[in-house]
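Everything below concerns the one structure shown next.
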Amino acid sequence: MVRAGLTAERLTRAGAELADEVGFDQVTVSALARQFDVKVASLYSHLKNSHDLRTRIALLALEEMADRGAAALVGRAGKDALSALGDMYRDYAREHPGRYAAAQMTLDPEAAAASAGLRHSRMTRAILRGYDLTEPDQTHAVRLLGSVFHGFVSLEAQGGFSHSAPDSQESWSRTLDALDALLCNWPPQDLTAPDRTPRPQVEP
């Protein structure tokens with residue numbers, strides 16, 4: 001018998017809250033059933049399995065961050081936009097550590113295509129238009145910003161910067177300054193570098 005009031009959306013949001021409390025890795029259908037005081041079998045009318053639940057939480061987190069990012073970028077450009085997007089990711093990770101971890105989950109191609117992941121990429125590219133970067137450098141810069149933002153946020157969440165001075169906030173501010181300076185002075189491609197592309201062997 002299906003428990004009245006339980007829906008996939010309600011279970012997903014409850015799972016997201018549980019992830020923030022106990023960690024994303026600890027979220028399972030069984031753990032969610034205990035929270036609602038129902039049998040595990042009663043949740044399978046809404047969820048396929050624990051992987052399905054985690055995927056739904058990841059999609060929710062990506063959507064929430066995309067909405068926050070879009071709102072933060074309104075009317076901003078250049079360094080202001082760069083800082084706003086970086087701060088959004090950092091603030092979200094602090095408020096919702098489990099959901100933020102969920103957003104790093106590797107999704108299958110179908111789920112990824114339907115996710116808000118593309119919105120995140122478009123937001124980053126919108127910022128880069130203010131720095132006059134063209135392809136392929138724009139793609140390199142998108143990857144750089146993603147690596148720095150998420151690398152810093154993940155290390156900070158793990159306490160990696162809590163045992164030495166200066167304060168991590170100072171490092172974060174300096175990191176944003178450094179990224180802005182780099183994007184304003186993006187190094188040109190070295191056209192004189194030797195071509196190391198493997199060439200086919202010719203039989204004698």
Heavy atoms only: give me the nearest [X]-[Y] pair and the separation to one decimal.
| X | Y | value |
| --- | --- | --- |
| Ala84 | Ala72 | CB-O, 3.8 Å |
| Ala58 | Leu107 | CB-CD2, 4.1 Å |
| Ala102 | Ile57 | CB-CG2, 3.7 Å |

*Would you sort out whether Arg125 and Glu135 count as a salt bridge (Lys or Arg N to Asp or Glu O under 4.0 Å), showing the intermediate values?*
CA-CA 11 Å; Arg125 288 183 183 275; Glu135 291 293 2; 2.8 Å; yes
Using 0.5 Å steps for rounding, measure from the [atom1] atom of [X] to the [atom2] atom of [Y].
| X | Y | atom1 | atom2 | answer |
| --- | --- | --- | --- | --- |
| Thr55 | Glu110 | OG1 | CD | 11.0 Å |
| Leu82 | Cys184 | CG | SG | 9.5 Å |
| Met123 | Leu118 | CE | CG | 11.0 Å |
| His150 | Leu145 | NE2 | CG | 9.5 Å |
| Leu183 | Ile127 | CG | CD1 | 9.0 Å |
| Leu53 | Leu43 | CG | CG | 9.0 Å |

Ignoring hydrogens and geometry beyond distance, is a side-chain donor-acceptor pair present between [X] and [Y] at under 3.5 Å?
| X | Y | result |
| --- | --- | --- |
| Gln169 | Arg90 | yes |
| Trp172 | Asp167 | no |
| Asp180 | Tyr131 | yes |
| Ser154 | Gln158 | no |
| Gln138 | Thr134 | no |

*Could you go step by step and tell me if Leu73 and Met88 meet the side-chain contact (heavy atoms from CB on, under 4.5 Å) rule?*
CA-CA 10 Å; Leu73 292 177; Met88 182 279 295; over 6 Å; no
Any sub-3.5 Å donor-acceptor pair from [X]'s side-chain atoms to [Y]'s backbone N or O?
| X | Y | result |
| --- | --- | --- |
| Ser50 | Val29 | yes |
| His46 | Leu6 | yes |
| Ser115 | Ala112 | yes |
| Ser83 | Asp80 | no |
| His120 | Leu62 | yes |
| Asp20 | Gly98 | yes |

*Does the side-chain contact (heavy atoms from CB on, under 4.5 Å) test come out yes or no for Val38 and Leu32, once each step is laid out?*
CA-CA 9 Å; Val38 297; Leu32 203 56; over 6 Å; no
*May I have the step-by-step check of salt bridge (Lys or Arg N to Asp or Glu O under 4.0 Å) for Lys79 and Asp177, ending in yes or no?*
CA-CA 8 Å; Lys79 172 69 181 304; Asp177 290 341; 2.7 Å; yes
*Residue that, paired with Leu133, satisfies side-chain contact (heavy atoms from CB on, under 4.5 Å) out of Leu128, Val142, Thr139*: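 The single option meeting the side-chain contact (heavy atoms from CB on, under 4.5 Å) with Leu133 is Leu128.
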*Could you walk me through whether Phe149 and Leu176 pass side-chain contact (heavy atoms from CB on, under 4.5 Å), step by step?*
CA-CA 9 Å; Phe149 287 162; Leu176 294 175; 3.9 Å; yes
*Worked check of side-chain contact (heavy atoms from CB on, under 4.5 Å) between Glu63 and Arg119*: CA-CA 9 Å; Glu63 189 75 29; Arg119 291 177 62 194; 2.9 Å; yes
*Between Arg68 and Glu95, is there a salt bridge with N-O shorter than 4.0 Å?*
yes
*Flag the pair Arg94 and Glu156 as a salt bridge only when some basic side-chain nitrogen lies within less than 4.0 angstrom of an acidic carboxylate oxygen.*
yes
Please tell me if the side chains of [X] and [Y] come closer than 4.5 Å, counting only heavy atoms from C-beta onward.
| X | Y | value |
| --- | --- | --- |
| Lys39 | Tyr44 | no |
| Ser168 | Ser162 | no |
| Pro97 | Phe24 | no |

*Evaluate whether atom CD of Glu9 has more than 12 neighbouring non-hydrogen atoms of other residues, nucleotides or ligands under 6.0 angstrom away.*
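Counting neighbours around CD of Glu9, 12 or fewer heavy atoms of other residues, nucleotides or ligands fall under 6.0 Å, so no.
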*Relative to each other, are the rings of Tyr100 and Tyr92 parallel, tilted or perpendicular (30° and 60° limits)?*
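Ring orientation of Tyr100 relative to Tyr92: tilted.
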